[in-house]
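Just so you know, residue 1 is the first one in the sequence shown, and it goes up from there. For clarity, every value in this text was computed on a predicted model and none was experimentally measured.
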Amino acid sequence: MDSADPVRQLLEALARGQLSVEAAHRQLQHLSYEAIGNFARIDHQRQQRTGFPEVIWGPGKTPEQIAEILARMRPYYPCVMATRISADVFAAVRSRLGGLHYFEVAQICSTAPILPPAYPGQVGLVCAGTADLPVAEEAAITLQLSGFAVERFWDVGVAGIHRLLSVRDRLETMQVLIVVAGMEGALPSVVAGLVSAAVIAVPTSIGYGANLGGLAPLLTMLNSCAPGIGVVNIDNGFGAAMLAAKILRSLPQRAATGSM
């Protein structure tokens, strides 16, 4: 989702005579944030601060609001994402704004398709069960739209641990692993005990009553005795993807400086 520095782009356009001083001044006013009606303020400097543009959270917004935010952001970034978008909401958004792409399982819509990876490194997406796929796919699609390579390892939960062991060699080649699990949430601990890569654990709300809406796997993951696990919030595939991307983006710099 990276693009060139918008301030530099603006100054270069001004220097080439492609923008008037007045037009450049108007655009500069929007570089900190851009107000849209009385419902949103787009944070145009987020990519410069954090490495990624602002991502639209779908729930609680109307299709009209989502479409308007996407339309305002699209000229500035190669890819703008909106998460937790149901198929019905996407249909309503697309009727107002063309050129959108939809990833149904992940419930993500974007202004761009998935392109070949732009960054080195690869993330392994390890999913315990089929019911956990929406959360896992949210992480996978977020990473792919952000320019990272992803390999998926689906339905390898600990109830049939031979399935996980059958892909162990492939897991060892990943730079980062995102492990998604519901029920009791044991899978990240098992994976972290088998591989050297950093493991990002994602508890899901999938499970019977004592799962407590994802609290049980969350506590299991937080209490893991396997080292090298980071845990994000329940059902937060997007957050796991952002953490994995930041880790991968830091790897070339670390390699160059020789630090860890």
Side-chain angles (χ1 to χ4, degrees), residues 1-58 61-83 85 90 93-103 106 108-123 141-150 175 238 241-257:
M1 298 171 75
D2 280 274
S3 63
D5 185 340
V7 176
R8 178 178 291 275
Q9 289 181 334
L10 185 63
L11 292 174
E12 288 175 348
L14 182 63
R16 289 192 298 265
Q18 296 173 333
L19 280 179
S20 67
V21 172
E22 290 76 15
H25 181 258
R26 285 196 300 272
Q27 291 192 34
L28 279 170
Q29 290 177 315
H30 293 321
L31 286 179
S32 57
Y33 69 84
E34 177 182 0
I36 303 179
N38 61 355
F39 64 86
R41 296 185 182 187
I42 300 172
D43 180 3
H44 283 301
Q45 291 184 335
R46 187 169 302 185
Q47 179 164 317
Q48 281 65 54
R49 296 194 314 270
T50 69
F52 295 94
E54 187 170 9
V55 174
I56 301 163
W57 170 255
K61 294 182 179 69
T62 67
E64 293 83 2
Q65 291 170 336
I66 295 168
E68 180 66 17
I69 296 170
L70 285 166
R72 294 289 189 95
M73 292 184 69
R74 182 156 60 180
Y76 294 96
Y77 310 102
C79 179
V80 184
M81 287 175 47
T83 63
I85 303 295
F90 175 71
V93 172
R94 185 173 56 181
S95 71
R96 293 165 174 82
L97 183 67
L100 299 179
H101 302 264
Y102 187 58
F103 306 89
I108 288 174
C109 80
S110 71
T111 59
I114 292 173
L115 299 174
Y119 300 101
Q122 191 165 35
V123 180
I141 297 299
T142 296
L143 282 163
Q144 290 181 295
L145 289 172
S146 301
F148 295 94
V150 172
Q175 280 67 51
F238 171 78
M242 288 293 99
L243 177 54
K246 287 192 173 187
I247 292 171
L248 284 181
R249 285 166 62 89
S250 72
L251 290 179
Q253 179 181 350
R254 291 182 179 180
T257 60

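- Taking 4.5 Å as the limit, every side-chain heavy atom of L115 sits out of range of all side-chain heavy atoms of C79.
- Taking the side chain as every heavy atom from C-beta outward, K61 and V93 never approach each other to under 4.5 Å.
- Smallest separation of non-hydrogen atoms from G58 and I66: O-CD1, 4.0 Å.
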Candidate pair L145 and I114, rule side chain to side chain contact (heavy atoms under 4.5 Å, CB included), full reasoning: CA-CA 5 Å; L145 289 172; I114 292 173; 3.9 Å; yes
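- Closest approach of A244 and V123 over heavy atoms only: CB-CG2, 4.2 Å.
- Looking at L248 and Y119, their side chains never come closer than 4.5 Å, going by heavy atoms from C-beta outward.
- With rounding to the nearest 0.5 angstrom, the CD1 atom of I141 is 12.5 Å from the SG atom of C109.
- Rounding to the nearest 0.5 angstrom, the gap separating the CD1 atom in I85 from the CZ atom in F90 is 9.5 Å.
- Rounding to the nearest 0.5 angstrom, the gap separating the CZ atom in R74 from the CD1 atom in I69 is 14.0 Å.
- Atom OG1 of T111 sits about 9.0 Å away from atom CG of L97, to the nearest 0.5 Å.
- Note that CZ of R94 is 11.0 Å distant from NE2 of H101, once rounded to the nearest 0.5 Å.
- Between Q122 and Q175, the shortest heavy-atom distance links the atoms N-OE1, 2.7 Å.
- Using a 4.5 Å heavy-atom cutoff, the side chains of S146 and M242 are in contact.
- To the nearest 0.5 Å, atoms CD (Q144) and CZ (F103) are separated by 8.0 Å.
- Contact detail for G121 and A149: the closest heavy-atom pair is O-CB, 3.8 Å.
- For the pair T83 and I56, the minimum side-chain heavy-atom distance is 4.5 Å or more.
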